[in-house]
Structures are given as C-alpha cells and as structure tokens.
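Below: one structure, written as structure tokens.
Each ligand, and each atom within it, is numbered from 1 in the order the structure gives. This one's a predicted model, so the numbers in the text were calculated from it and none came from an experiment. Nothing fancy with the numbering, it's 1 onward along the sequence.
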Amino acid sequence: MAERKEKFYLTTPIYYTNGLPHIGHTYTTVVADMIRRYKRMRGYEVVMTTGTDEHGVNVERAAKKAGIPESEYVAKMAETWRALWDELGIAADEFVRTTDLQHVRTVQWLFKLCRENGYVYKGHYTGLYCIFDNAFVNEPKPGNLCPDCDRPLETVTEENYFFKLSAFQKPLLDFYKKNPDFIQPEARRNEIIAFVEGGLRDLSITRTTVRWGIPVPGEEPHVFYVWFDALSAYLSAVGGPDFAKRGMWPADLHLVGKDIIRFHTVYWPAFLMAAMLPLPKQVWSHGWFLMDAAKMSKSKGNVVLPRPIVNMLGMDALRYFLLREVVFGQDGNFSYDALVTRYNSDLANGLGNLASRTAALIEKNFGGKIPKPGTYKPQDDALAKETQAAIGEVLERYEKMEFARALEAIWAVIALADKYLTSEQPWALGNSPEEQGRKGTILWTTSELLRIVTVLAHPVLPQSTEKIWTLLGQSGSVAAVPLDGLRWGQLSPGTQLGKAQTLFPRVDKNEAIERIEAMANEELNPAPAPTPAATPAHTPAAAGPGAAAAPAGIAQIGIDDFTKVEMRVGQVKTAERIVGADKLLKLTVDIGTEIRQICAGIAQFYEPDALVGRKVVVVANLAPRKLRGVESNGMIVAASVGPEGRPVLAGFLEDVEIGSRLK
Ligand code: MSP
C-alpha cells in the first residue's frame, strides 16, 4: 500500500457575514492559499479551510434591515464570500458555514464533552457588551465605549452557561512552555503569556439575549456564544465528531489577525483541553493592512477592495504586493501608489521582462528551441551557484513564514539574470560556431534560472508562473514540481518553447490608480437599479399618450427619486492640484451650511486660481469617497462635452445666494 503523505491542515478565520470582503480579509486568505500551494509542492497532503461566521446579533440586525429572514441573508452573504475567493483563484478545500448541519452538530458535541468533564456550570452575568464585536468588555473606554471599535457598549444581564476558563491557567501556561512555537510571532506569545499569568475569569458561553444562534440542546432559549460556535468550525470542517476518520485534526496552523489572537490561543485550546481533544500545533498572528494609519472600515470610508485591483492588474499582482510589501506578523500601510509601483518594477520590468526577453532571444537565435550550453565561463558558473544557493534560502524563508524575504531572495536572482544578460550581450554575438556556442550557454543559463525562479515563485504567483512554465515548453503544471527535488541543471536542451504569453503589461501609474478607484467607488456605491416604474422609453407603456420619451437606454425616474438628490449652490474657496493625479483638483467649497472638501476631475481644463470665488452646483448628499487617497464630500456638476467628455462647469447667469437648493 502506498504510504500516506504527511498531512498539513491550515485554516483562515471564518469571516463575519455582516460585511463584505476587503483587502484585510483577502490578505489572510491569500497567505493561507500561498502556504497551501507551497506545502503541496513540498509533498504534503494539505487541507485548507475558510468559511463564514453566520450567527449573532449583528446578523439579526442586518437581516432585519434588509427585510429578509436571517437564513436567506446569510446564504446570500456566504455566496458572496465564496464567489470572491473563486474569482481570486483561491480554492479552499473546505468552506464551512456555521449554519451547516455538520457544524451545528459539532458545536453541540463539543459543549457536551466540556459539560460531561465538569467544565460547564450555570450562572448569571451582567456586563458591558459590545454588540459589534460580540464580546463582553472588561475595561471600557471613557463614556462606556468599546476599546476596540469605539462604539457605545450596552449593559446586559443574562442567565448563561459558564465555561471554567479559570481552571486552565496552569494547563495553558504549561502548554505554552512545552510548545514554544504554538503562538507566533514571539511578541504575541509574550503578550498572551502575560495575559494568562494575570489570571483568567470564567467565560460565559451561551446567550439568552440572542435569538439567531445554535441552540443549546434541551436548554432553549440558550444559544451558543459566537466564539464558542465560531472556533468549533475548525473541527467541523474536517469531520466534527468523526474527525479521526479524516485524519486531519489537530490543525497544523491557524492563521489569524492580531485582533483575534486571544480567542485562538487562550479560549480555543482551553475548550479543547476541557473536551480532551488534541490541540492545534500553531497559531500565527499577522498584522493589519492600514489605510492612512487606521484600520479599514466602511464607516470610515477607507476600505480597499480586492476586485478592482485584480481587474486592473491581475490576481498575481495583488498577491505579490500583499506578501512582498510587509513583514508577515507586522502592520503595513496599503497604498495604491506602492502597489502599482511594485507591479511595474518587480513584475512588468522584472520577472515579466526577463521571461519575454529570454524567449524572444531563443526564438530569434535558436528557432524557439532551448539551446545546448557550450563551454562555461566563470560568470556562468557563478550565476548557477548563486541560483542554486537561492533555492535553499527561499525554502527556508517560506518555512519560517518570512514571505517578504523569500520574494526578496527570488527577485535578487532575477536582478542577477538582468545584469548577466546586460554584461554578456548575447544579442551582440555573431553566427560563427564559437559565438553561437556562447549564445547557447548564455541563453540556456538564463532559461534555467528562469525555470527555477518560476518554480520558487509559484505559490505566490500561481497564474503567471503557469504561463511562464508553458512558455518554457515544460510539460504538466508547475504546481506538480516537487520543491525538494529542485536543482540547477535540470533543464533539457532542445525543448521547444511554447506560445508567447502576456504576463504583466506595463501600466501608466496615474491612469491605473484612477481606474482602480473608479471601480472601487462603483462597487462601494453602486448606482441604484432602475425601479420598475422607470420603464425604458421604447416600450409601448412608456410611449403611450402623455409619456415623455427619455433618451433610449436611460431609465426614467419619478420625482421622488429626483428629490433624493440634494443639489446646492456652492462657492469655491480654494483650489489646488493633487500631486500625482493629473485630472483631479482638490477644492474647498462653501455650501452655505458648511465648507466641504470636494475632488473634481477638471484639472486638465480649469486653472485652480481661476476657480476661486466661482459659484458652482454641488451634489451635497453624495456618500463620501476617496479619490487618489483624498476624501471627497460631494460632487461638482458639469456638462460632459464632446467625445472626450470635456467638463464644463454648470453656473448661473444671475447672482445666486450660496446654499440655495436646486429643484
Ligand atoms: N468571525 C471572526 C473570526 C472567527 S474565527 C473562528 C472575525 N471575523 S472578521 O471578518 O472580522 O475578521 C476576520 C479576519 O480578518 C481577522 O483575522 C482579522 O484580523 C482580519 N482582518 C480584518 N481587517 C484587517 C485588516 N485591515 N488587515 C489585515 N487583516 C484584518 O473576526
């Protein structure tokens, strides 16, 4: 019988369904997907899970607001999350929903085990509770605000089942000591140890104030506390009560953001100890991607969405940026500028250029067949040696979760190849047998380096490395290449190159950013779908007597819709250009009741100074949005003239009072 491969089970957190995925969630999931691919290439049988956390008050509220039952609401949201991961090429092996029957059974079973073992009792609890984070808060901020999200706390008293967390202080500390790698990175481990050393209070694990949750069997109206419910998803994903059959539990790696490390390294192992189940091997906490030094949130209007970036630059570009830009474990700033700069320098000019340049030279000089190397010069041997050494270094970095440094090491090899080509100049060599032989050595060497780089970068750049693999005429999928067998010298001369591939077309930075932002604004503030009353003009209903024909393709709206738009007369107070955004001006506009900052795409047609003092029409109730990182609170109305859409500002022939409403 074939020997079973060593298993590796890793998880992302399961995401709340009352919000939409942004770049922060994408980050955790991309890292998990990258590790999944990497471990497979190292010969492991890997299972990676993600999913959705679907219970709790927030979902009750969101469903009510949407006017649909909770079950329908979460089904829609789970589909949105699943579809996004599919679209991003992230194929988790299991997608857990906490409303799945298997999961419900698992939570109830885990509770039963904890209770049978004497770690559950009934009591009362009164406390300040944050309904947004689903947690009682021990140390509120002044004004009874949540220390995490700054929102008002509510006082809640209820009969609860309690979990004897206090009994696990010593067992947990012993466990951390025996398993020094359990909590990563080191700084987080120290924080958690200090927290547990400070003493643990028992934890209420059921609620009677919440309706939308997993019922505690025979104890209704008790439902499980969201974290008892959510953490169990890691077990239900791989078999729940029957976990032994699948052979994946315990998890080898839980990937989490730093905000939820305590739940994973204190509560979760304590629940498992109480149930006498095996504990996960490691919890790795990463930092946050920040926007303007603040955590992203829709209410702050600073979320970055993955889809527009992927539409503009491709999935691999986003993955590369997320993994290359920050040290795994630390916070990092997200900026479109840095994203596009890295794309152009590292992907378009770096890897993409090396691949297409090498293929073009082989095409031209060797009819598209990888040449046979002739004799080697010291510089060829040096390159071979450095590339071979990089294999070991990159694998070590991946293994230590130092993804940015792994990529740095790969790109150092790409830079060596560029330097090598520039100094060896194969294009300047002639056709004598000797020069042709030299060309063969140079191009074989470059192709071999490219092959190795392609294999090493595959976990991070799954799509483009497959394309380079095909370009190099290699058979099968690069994903199937065992990393442990990767060596310099395995590239066979005579291999016919595959078809040329578009890898990373260079982009104009300003234009790319503007397009990404426009797509993001569209996704965050979608244009409302035409209402049924707005029948297109060409249908008989609208063309009947009294129906004013709207231009074809533009839906009619009722007066109620029109009055929703608040347009006011404003006066420009200041106007300036925005560095790096050719088309935008940043204006401050007095609209009578306040001074607003508004960005307008008119910079190519209006001089800032000429605008100061001018009266304009402002759409005052447009949701705020960011353009090139600058907040815009409203919109200036302009005609769009000619095929290029030249903006011409709307104005008045008579003097009008600032703040007057347009009707
Ligand atoms: N549902 C819980 C997790 C339960 S796991 C048993 C939850 N969900 S969440 O949707 O709010 O967050 C999920 C993950 O996304 C967390 O690990 C969190 O740290 C991460 N991120 C959310 N915003 C982030 C950034 N801006 N940057 C990086 N990751 C952040 O918590």
Side-chain angles (χ1 to χ4, degrees), residues 10-32 49-59 62 74 77-78 80-81 84-85 92 94-99 103 106-107 110 130-135 146 148-149 188 205 213-214 224-237 251 253-269 271-272 280 283-306 318 321-323 325-335:
L10 82 158
T11 65
T12 76
I14 53 169
Y15 299 103
Y16 287 132
T17 45
N18 52 324
L20 288 173
H22 60 58
I23 213 82
H25 311 114
T26 309
Y27 181 49
T28 323
T29 319
V30 158
V31 171
T49 63
T50 187
T52 40
D53 190 350
E54 303 184 2
H55 290 121
V57 189
N58 289 333
V59 171
V74 292
M77 291 302 282
T80 305
W81 283 82
L84 179 81
W85 303 140
E94 299 291 342
F95 187 97
V96 199
R97 296 184 51 194
T98 55
T99 48
H103 175 75
T106 305
V107 174
L110 188 68
C130 175
I131 53 143
F132 299 97
D133 298 335
N134 289 309
C146 173
D148 284 333
C149 69
R188 299 275 165 245
I205 52 164
I214 297 178
F224 288 102
Y225 164 55
V226 282
W227 278 98
F228 191 85
D229 168 348
L231 289 161
S232 314
Y234 300 137
L235 252 172
S236 55
L253 176 64
H254 290 313
L255 289 169
V256 299
K258 63 180 184 181
D259 47 332
I260 57 174
I261 183 96
R262 197 181 284 181
F263 297 102
H264 284 79
T265 56
V266 182
Y267 298 1
W268 181 225
F271 296 157
L272 292 166
V283 179
W284 243 100
S285 144
H286 62 72
W288 285 339
F289 259 102
L290 306 172
M291 196 66 181
D292 310 325
K295 197 177 174 213
M296 287 174 212
S297 79
K298 197 172 173 188
S299 56
K300 283 191 214 138
N302 66 351
V303 286
V304 177
L305 300 177
L318 176 59
F321 179 76
L322 294 177
L323 290 158
E325 191 67 8
V326 301
V327 172
F328 190 66
Q330 295 177 7
D331 287 350
N333 237 320
F334 189 92
S335 98

Validation row: His264, Trp227 side chains within 4.5 angstrom (heavy atoms) | yes
Can you sort out which atoms of ligand 1 are near Gly287, meaning under 4.0 Å from one of its heavy atoms?
-> 28 (C)
Does the side chain to side chain contact (heavy atoms under 4.5 Å, CB included) test come out yes or no for Val31 and Leu323, once each step is laid out?
-> CA-CA 7 Å; Val31 171; Leu323 290 158; 3.8 Å; yes
Touching ligand 1 at all, Tyr234? Heavy atoms, strictly under 4.0 Å?
-> yes
Side chain to side chain contact (heavy atoms under 4.5 Å, CB included) between Ile214 and Phe228, worked out | CA-CA 10 Å; Ile214 297 178; Phe228 191 85; over 6 Å; no
Tell me, which protein residue and heavy-atom name are nearest atom 3 (C) of ligand 1, and how many Å apart are they?
-> Ile14 O, 3.2 Å
Intermediate values then yes/no, side chain to side chain contact (heavy atoms under 4.5 Å, CB included), Thr98 and Val107 = CA-CA 9 Å; Thr98 55; Val107 174; over 6 Å; no
Please step through side chain to side chain contact (heavy atoms under 4.5 Å, CB included) for the pair Thr29 and Trp85, ending with a clear verdict.
-> CA-CA 8 Å; Thr29 319; Trp85 303 140; 3.3 Å; yes
Contact atoms of ligand 1, heavy-atom distance to His25 under 4.0 Å = 10 (O), 15 (O), 22 (C)
Where does the angle between the aromatic ring planes of Phe334 and Phe289 fall among parallel (under 30°), tilted (30 to 60°) and perpendicular (over 60°)?
-> perpendicular
Which protein non-hydrogen atom lies closest to atom 17 (O) of ligand 1, naming both residue and atom, and how far is it?
-> Gly257 N, 2.8 Å
Aromatic plane relationship, His286 with Phe328 - under 30° parallel, 30 to 60° tilted, over 60° perpendicular = tilted
What is the nearest protein non-hydrogen atom to atom 23 (N) of ligand 1, stated with its residue, atom name and distance?
-> His22 CE1, 3.3 Å
Mark up the atoms of ligand 1 that fall under 4.0 Å of a heavy atom belonging to Ala230, in ascending order.
-> 6 (C)
Of all protein heavy atoms, the one nearest atom 20 (C) of ligand 1 is Thr28 OG1, 4.2 Å
For Gly19 and ligand 1, answer yes if some heavy atom of the residue is under 4.0 Å from a ligand atom, otherwise no.
-> no
Nearest heavy-atom pair of Gly329 and Trp284: which atoms, and what distance?
-> CA-CZ3, 4.3 Å
Identify, by atom number and element, the atoms of ligand 1 in contact range of Asp53, meaning under 4.0 Å from any of its heavy atoms.
-> 1 (N), 2 (C), 4 (C)
Kindly confirm or rule out an N or O of Tyr15 lying under 3.5 angstrom from an N or O of ligand 1.
-> no
Out of curiosity, is Phe263 lining ligand 1, as in a heavy atom under 4.0 Å away?
-> no
Measure the distance from atom 30 (C) of ligand 1 to every protein heavy atom, then report the residue, atom name and distance (to 0.1 Å) of the closest one.
-> Trp288 CD1, 3.7 Å
Are a donor atom and an acceptor atom from the side chains of His25 and Trp81 found within less than 3.5 Å of each other?
-> no
Shortest non-hydrogen contact between Gly19 and Met77, atoms and distance = O-CE, 3.3 Å
Got the closest protein heavy atom to atom 27 (N) of ligand 1, with its distance?
-> Phe289 N, 2.8 Å
For atom 19 (O) of ligand 1, closest protein heavy-atom neighbour | Asp259 OD1, 2.6 Å
Taking only heavy atoms of His286, which atoms of ligand 1 are found under 4.0 Å from at least one of them?
-> 28 (C), 29 (N)
Protein contact of atom 9 (S) of ligand 1 - nearest heavy atom, named by residue and atom, plus distance = Tyr16 CD1, 3.7 Å
Assign the ring pair Phe271 / Tyr267 to parallel, tilted or perpendicular, where the plane angle (0 to 90°) is split at 30° and 60°.
-> tilted
Ligand 1 contact by Met291, heavy-atom criterion under 4.0 angstrom | no
